[in-house]
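Following: one structure in structure tokens, then a few remarks.
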There are 2 protein chains.
Amino acid sequence: MTTINDIAKRANVSRTTVSRALNNSGYVSEEARKRIMKIVEETGYMPNQSAKSLRTKRSGVIGVILPRLSTETSTRVVNGINEVLAKEGFQILLTDTELDRKKEIEYIRLLKSRHVDGIILLATNVNDELIQTIRNVDLPFLAIGQDLPEVTSLVYDDYHASADLTNMLIHKGHHKIAFIGVSRDDPSVGIRREQAFRDVMEREGGEINEHWMGTGDFSIDSGYEEMKKILRASGKNRPSAVYAVTDRMAIGAMEYLKEQGYRIPEDMAVVGIGASSLSQYVSPSLTTIDYFNKKAGQQAAELLLAKLKNEKVDQKFELTYRLILRDSV
Amino acid sequence: MTTINDIAKRANVSRTTVSRALNNSGYVSEEARKRIMKIVEETGYMPNQSAKSLRTKRSGVIGVILPRLSTETSTRVVNGINEVLAKEGFQILLTDTELDRKKEIEYIRLLKSRHVDGIILLATNVNDELIQTIRNVDLPFLAIGQDLPEVTSLVYDDYHASADLTNMLIHKGHHKIAFIGVSRDDPSVGIRREQAFRDVMEREGGEINEHWMGTGDFSIDSGYEEMKKILRASGKNRPSAVYAVTDRMAIGAMEYLKEQGYRIPEDMAVVGIGASSLSQYVSPSLTTIDYFNKKAGQQAAELLLAKLKNEKVDQKFELTYRLILRDSV
DNA sequence: CTGAAAGCGCTTACAG
DNA sequence: CTGAAAGCGCTTACAG
């Protein structure tokens with residue numbers, strides 16, 4: 001492995017000068033610069049980033065913490081993050097918590113020890129230890145998806161998105177709407193989306209029936225199972241629509257409904273959230289809400305870069321969304 | 001930021017001893033160890049990985065080079081890689097070439113300068129400069145998806161998978177089969193899958209018609225467009241089935257066929273490759289081939305770990321596949 | 001069982 | 001415009 005010393009020797013200058021030439025810092029004679037660059041070219045020399053990072057305290061690496069590597073939402077966000085970061089010469093150090101809160105905290109500290117310049121967390125829950133850890137590592141930090149106190153957070157407008165979706169169903173004539181949510185550990189998805197649903201239902205005189213309220217775990221299977229439970233529990237008094245808080249659960253619900261011979265949307269309307277590619281190609285195509293995940297990733301990266309440049313950034317950002325009306329309603 | 005020196009001072013030992021205690025290397029009295037560990041706990045000390053890496057020449061980071069961050073195939077592979085690596089305390093440094101060959105090479109060198117311990121490349125093409133670069137960086141290296149000369153490569157069995165698929169169509173009575181492939185720059189997908197198709201068609205007396213041969217670019221849209229072209233070009237003599245070399249293109253083709261009022265599979269059978277989640281939920285569900293991408297990722301990671309331990313590993317690995325018969329045939 | 005010293009490959013005041 | 005020297009935070013022979 002060639003080092004800066006090798007280049008210096010071959011160019012007949014000190015390594016100080018080589019460093020200056022490479023980083024465009026301080027004066028270097030045109031002559032020396034040319035000699036150095038030529039040798040750099042020839043040897044394919046690349047500075048050792050560990051040494052550089054040790055010295056400068058900057059690594060050019062951003063840590064990204066994901067709840068799950070294999071969901072479309074995560075992938076889109078990471079894609080957006082990477083697009084912006086790569087352009088600025090940053091790389092992503094990727095970690096996957098597999099939805100384990102312990103790991104979330106562990107990885108924040110690990111990333112710190114790996115000298116990342118900043119961290120972007122796709123957050124799925126909010127708890128004191130997490131907040132505490134974030135404060136302690138004292139690194140440029142950005143959360144996406146949950147509103148973390150005292151942390152710069154990009155949040156989807158879950159309340160209004162959910163309210164719009166519910167309103168839309170009501171205005172299409174549905175007053176009996178089943179709901180498939182998730183655990184309240186996830187404030188954004190588990191609490192806010194449900195709260196908006198309940199608020200709108202109440203305001204508009206919809207019927208909320210606890211037999212029609214299910215709790216899934218984000219998976220397609222859980223959507224299927226919850227739909228089954230709801231239908232079995234509801235007896236003669238059946239909902240005419242089902243609102244699942246994620247596309248995957250909505251698609252699971254559709255599977256069960258189709259199996260049971262329900263026509264969608266005639267016998268039962270279905271809506272989800274997420275605008276997954278599945279939602280587009282499933283049959284009938286699923287009405288859903290697009291959260292522009294990729295854009296969220298881009299924005300997160302841009303904000304983090306701003307922080308790295310010591311620019312002041314606001315603490316809270318609300319992301320926009322878009323209702324996509326399709327054939328399932 | 002607390003360093004090993006801080007710990008040493010507070011524990012009244014030298015940093016040498018702290019290092020030994022932390023790494024379980026060499027002798028440390030039980031007493032000293034306890035004192036040290038207690039302080040490590042209290043301070044939440046984590047060793048600076050840049051310093052460690054500079055000194056030991058190992059970073060605990062594996063570079064992963066993806067052609068596209070946002071495809072299900074990539075995601076599944078990365079997921080498999082990560083699962084194995086995380087267990088061993090390694091992290092992934094992620095790069096996305098956006099299908100740009102220049103970047104492929106650039107990133108290999110970049111990852112080297114970032115002191116990764118090894119590299120896994122999801123390869124999409126084979127060319128001399130690439131092979132040369134891999135040889136030059138001289139790092140534990142693993143390719144997935146293409147057979148790179150002199151590089152440990154995990155390849156899907158594209159030839160036989162494609163042959164099986166073609167055979168299956170023929171045995172279902174299809175002798176006129178349209179084919180939507182991709183550029184021959186990609187030997188695995190662009191050449192081998194097509195070659196197997198042609199070989200089987202020839203052997204079994206199927207009709208190969210150049211009007212029925214399209215070339216897409218992996219996207220759903222391109223599947224749609226190629227299907228359109230094929231149908232328009234074929235006039236009265238129409239195929240009864242279409243084989244697209246990826247699920248996404250197959251789904252694009254299905255979209256066009258459905259728009260034109262074709263019944264699937266009665267008027268036209270459709271098959272793809274990839275076992276994407278889309279293939280399962282699209283309607284009718286798509287017959288396809290599962291390449292077990294996650295398992296490929298796991299195996300790649302395991303092989304790389306073996307290399308890091310200086311174990312000898314074979315140079316070529318062929319992965320298995322599975323035909324999934326669904327309603328589109 | 002323990003510590004002083006050297007060194008990994010860089011950058012950056014400082015002096016000239 | 002250039003270089004000698006210090007130092008970033010670790011690990012590892014080496015000596016005791």
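Since the model is a prediction, treat every value here as computed from it, not as a measurement. Basis for what follows: all heavy atoms, side chains included, without hydrogens, waters or symmetry-related copies. Quick note on labels: first sequence line is chain A, next is B, and so on, each numbered from 1.
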Pairing donors with acceptors under 3.5 angstrom, does anything connect the side chains of A:R10 and A:N5? no
Could you state the atom-to-atom distance from CG of A:N5 to P of C:dC10 in whole Å? 8 Å
Can you check the B:L54 CG to C:dG7 P distance for me, whole Å? 14 Å
Per the under-4.0 Å heavy-atom filter, residues of residues 30-45 of chain B near DNA chain D come out as B:Y45
For the pair made of CG in B:N24 and P in D:dT12, what is the distance, rounded to whole Å? 13 Å
Return the value, rounded to whole Å, for the distance between atom CD1 of B:I4 and atom P of D:dC10. 6 Å
State which residue, out of B:V151, B:N125, B:L130, B:D186, fulfils the side-chain contact (heavy atoms from CB on, under 4.5 Å) condition with B:Q146. B:D186
The side chain of B:T16 lies closest to which of these nucleotides: C:dA5, D:dT2, C:dG9? C:dA5
B:T17 side chain N/O closer than 4.0 Å to the phosphate oxygens (OP1, OP2) of C:dG3? yes
Using a distance-only criterion (donor-acceptor N/O pair, under 3.5 Å, no hydrogens), is the base of D:dG9 paired with the side chain of A:R55? no
d(CZ, A:R15; P, D:dA4) in whole Å: 9 Å
Would you say A:K57 reaches D:dC8's phosphate, i.e. side-chain N/O to OP1/OP2 under 4.0 Å? no
Both B:S14 and B:A51 contact DNA chain C. Which one's nearest nucleotide lies toward the 5' end? B:S14
Below the 4.0 Å mark, does D:dT11 have OP1 or OP2 next to a side-chain nitrogen or oxygen of B:S19? yes
Here the pair of heavy atoms bringing A:D117 nearest to A:K57 is OD1-O, 4.1 Å
Would you indicate, yes or no, if D:dG9 has its OP1 or OP2 atom less than 4.0 angstrom from a side-chain nitrogen or oxygen of B:K52? no
Between B:K307 and B:E311, does the salt bridge (Lys or Arg N to Asp or Glu O under 4.0 Å) criterion hold? Intermediate values first, please. CA-CA 5 Å; B:K307 283 193 167 195; B:E311 294 169 22; over 6 Å; no
May I ask you to decide whether A:R68 forms a salt bridge with A:E98, counting only side-chain N to carboxylate O separations under 4.0 Å? no
Applying a 3.5 Å limit to both distances, which nucleotide forms a Watson-Crick or G-U wobble pair with D:dG16? C:dC1
If you assign each of B:N23 and A:N12 to its closest nucleotide in DNA chain D, which residue comes earlier from the 5' end? A:N12
Please report, rounded to the nearest Å, how far the P atom of D:dC10 is from the NE2 atom of B:H115. 17 Å
To the nearest angstrom, how far is B:Q49 atom CD from C:dC8 atom C1'? 15 Å
Under the side chain to side chain contact (heavy atoms under 4.5 Å, CB included) criterion, do B:L304 and B:F141 qualify, and how do the steps go? CA-CA 7 Å; B:L304 195 64; B:F141 201 100; 5.9 Å; no
Let's see if you can work this out: which of C:dT2, C:dT12, D:dC10 has an atom nearest to the side-chain heavy atoms of B:T3? D:dC10
Counting only heavy atoms not in B:K34, do more than 12 fall under 6.0 Å of its NZ? no
B:M46 has an atom CE; how far is it from atom C1' of D:dC10, in whole Å? 15 Å
Residue pair A:K52 / A:N23: nearest heavy atoms and the distance that separates them: NZ-OD1, 3.4 Å
Would you please confirm or rule out a distance under 4.0 Å between OP1 or OP2 of D:dG9 and any side-chain N or O of B:S50? no
On the nucleotide C:dC10, are OP1 or OP2 found under 4.0 Å from the side-chain N or O atoms that A:T56 carries? no
What nucleotide, of D:dT2, D:dC10, C:dC10, holds the atom closest to the side chain of B:N48? D:dC10
Counting heavy atoms from C-beta on, name the nucleotide in D:dG9, D:dA4, C:dT2 closest to the side chain of B:R20. C:dT2
